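Heads up, the thing below is written out as structure tokens.
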Amino acid sequence: MKHKITLIPGDGIGYEVSTSARRCIDATGVEIEWENVLAGQDALEQTGELLPQAALDSIKRNKVALKGPITTPIGTGFRSVNVAIRQSLELYACLRPAKSYVGVKSRFKDIDLVIVRENSEDLYSGIEFQEGKPETVSLIAQIHKDTKKKIRVDSGISIKPISKFASERIVRFAFNYALENKRKKVTCVHKANIMKFTDGLFLQVARQVASEFAGKIIFEEAIVDNMSMQLVQKPHNYDVLVLPNLYGDIVSDLCAGLIGGLGIAPGANIGTDLAVFEAVHGSAPKYKGKNKANPTAMILSGVLMLRYLKENKAADRLEEAVKQVIAEGKFVTYDLKPDPLDLAAVGTSQMADAIIEKMK
Ligand code: NAD
């Protein structure tokens, strides 16, 4: 079956890594018609808009997109174009596997964690009150009136909404993912001891959902600060982690660090019937146009996309080719060399060529 997929090349290193990923995906033999659309810096220059409606419409039409990283220029009215895409398409689940590959220098071997991050609410809702503005001052006064709690008048305020609905939706996603992917345990990560009405609600809902999976999937709870320490000491004790948005963002970078860095950390943003696949890393502007960035995270995001499309054989072949190229250590980018200054490191496109060659 031919798939029609939206491709957002991205900016900074985005174009280089997404082009490499597209070439590798095409080389699996899966038939894909790519629909190229712009978002980010290039879109701003060509259309005057950072996130044109055409990009969102294309994703809605095709249901699946591969997206390169995008820079959010300061002062454009967007906190983050990436967050805006996830929120406007209701891509509520952010799936970020963190898996060790032989040949990548890192502190640990054999890590196989999956981070499931809630993508739609929490402190990323963008509901903020700037210090000194009349509405901020009146909010502070109202809070004092209602709760007798004092907030300094020269404060900025960010709102942290966590709902029953979104918590249940994400925890259920994590348990279903665990079941479908033969995982054993889901750990709910929170700070419910301090934020009783937000993280506390998240945890309470997680316990309810977990009870439906009793006997099939083990459920565990962990406070986020302790979890951070446990992960750097004993990452093998964990399996699937489910977290509210902010902790999910931070812990997924921590887990990328456990497996050797952002260059090999893929991701997916999944909604009810739409999905956008992208690397965890950003647009690393200092490497733009240098053919230097590691394409692996973007290619592995393509592997996740192929699995989502039920093209499992192609996904296995591509992942195996990536594994072999990394294990051989010859045709890899600078960040995967034991010495990052190694002059024998290859460029982004040459690493993709080596991966394509392995699939022949
Ligand atoms: P970043 O991930 O772009 O880069 C941080 C550092 O990680 C880089 O300087 C580089 O040393 C390394 N790195 C990242 N990707 C790499 C790769 N593929 N190969 C080798 N090394 C790599 O994070 P940042 O500097 O905080 O953000 C830069 C821009 O990217 C910002 O505008 C930010 O908003 C945006 N961003 C976009 C996304 C996204 O599109 N999903 C995600 C995060 C950040």
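Atoms within a ligand are numbered from 1 in the order they appear, just like the ligands themselves. Note that the structure is predicted; figures quoted are calculated from it, not measured. Residue numbers count from 1 along this sequence.
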### Summary
So for Lys67 against ligand 1, with non-hydrogen atoms under 4.0 Å, the contacting part is side chain
### Task
Measure Arg86 to ligand 1 on non-hydrogen atoms and call it side chain, backbone, both or neither using the 4.0 Å cut-off.
side chain
### Summary
Quick look: Thr296 vs ligand 1, heavy-atom contacts under 4.0 Å, and the answer is neither
### Message
Side chain or backbone, does Thr71 bring an N or O within less than 3.5 Å of an N or O on ligand 1?
### Response
no
### Message
Test of understanding: with salt bridge (charged side-chain N to carboxylate O under 4.0 Å, His left out), list the residues that count as partners of Lys63, not counting sequence neighbours.
### Response
Asp273
### Task
For atom 13 (N) of ligand 1, find the nearest protein heavy atom and state the residue, atom name and distance (0.1 Å precision).
Ala284 CB, 4.5 Å
### Query
Looking only at heavy atoms, is any part of Glu278 under 4.0 Å from ligand 1, and if so is it the side chain, the backbone, or both, or is it neither?
side chain
### Query
atom 6 (C) of ligand 1: which protein heavy atom is closest, and how many Å away?
Leu262 CD1, 4.8 Å
### 4.0 Å protein heavy-atom contact status of atom 27 (O) of ligand 1, strictly under
no
### Message
Using heavy-atom distances only, which candidate in Val81, Asn294, Asn269, Ile70 approaches atom 19 (N) of ligand 1 most closely?
### Response
Asn294
### Query
Is the NZ or CZ atom of Arg86 both under 6.0 Å from the centre of the six-membered ring of Tyr124 and within 45° of that ring's axis?
no
### Task
Please indicate, with yes or no, if any protein heavy atom is found under 4.0 Å from atom 24 (P) of ligand 1?
no
### Task
Please determine if Pro69 has a nitrogen or oxygen closer than 3.5 Å to a nitrogen or oxygen of ligand 1.
no
### Task
Please say whether Gly282 places an N or O atom under 3.5 Å from an N or O atom belonging to ligand 1.
yes
#### Entry: Salt-bridge contact Asp57-Arg61 (side-chain N to carboxylate O under 4.0 Å)
no
### Query
Mind checking what makes salt bridge (charged side-chain N to carboxylate O under 4.0 Å, His left out) contact with Asp199, not counting sequence neighbours?
Lys160
### Sub-4.0 Å protein heavy atom next to atom 35 (C) of ligand 1
yes
### Query
Salt bridge or not for Glu319 and Arg307, using N-O below 4.0 Å?
yes
### Message
For the residue pair Lys185 / Asn237, report whether a side-chain donor-acceptor contact shorter than 3.5 Å exists.
### Response
no
### Message
Quick test of your reading of the model: are Arg117 and Asp122 salt-bridged, counting only N-O distances below 4.0 Å?
### Response
no
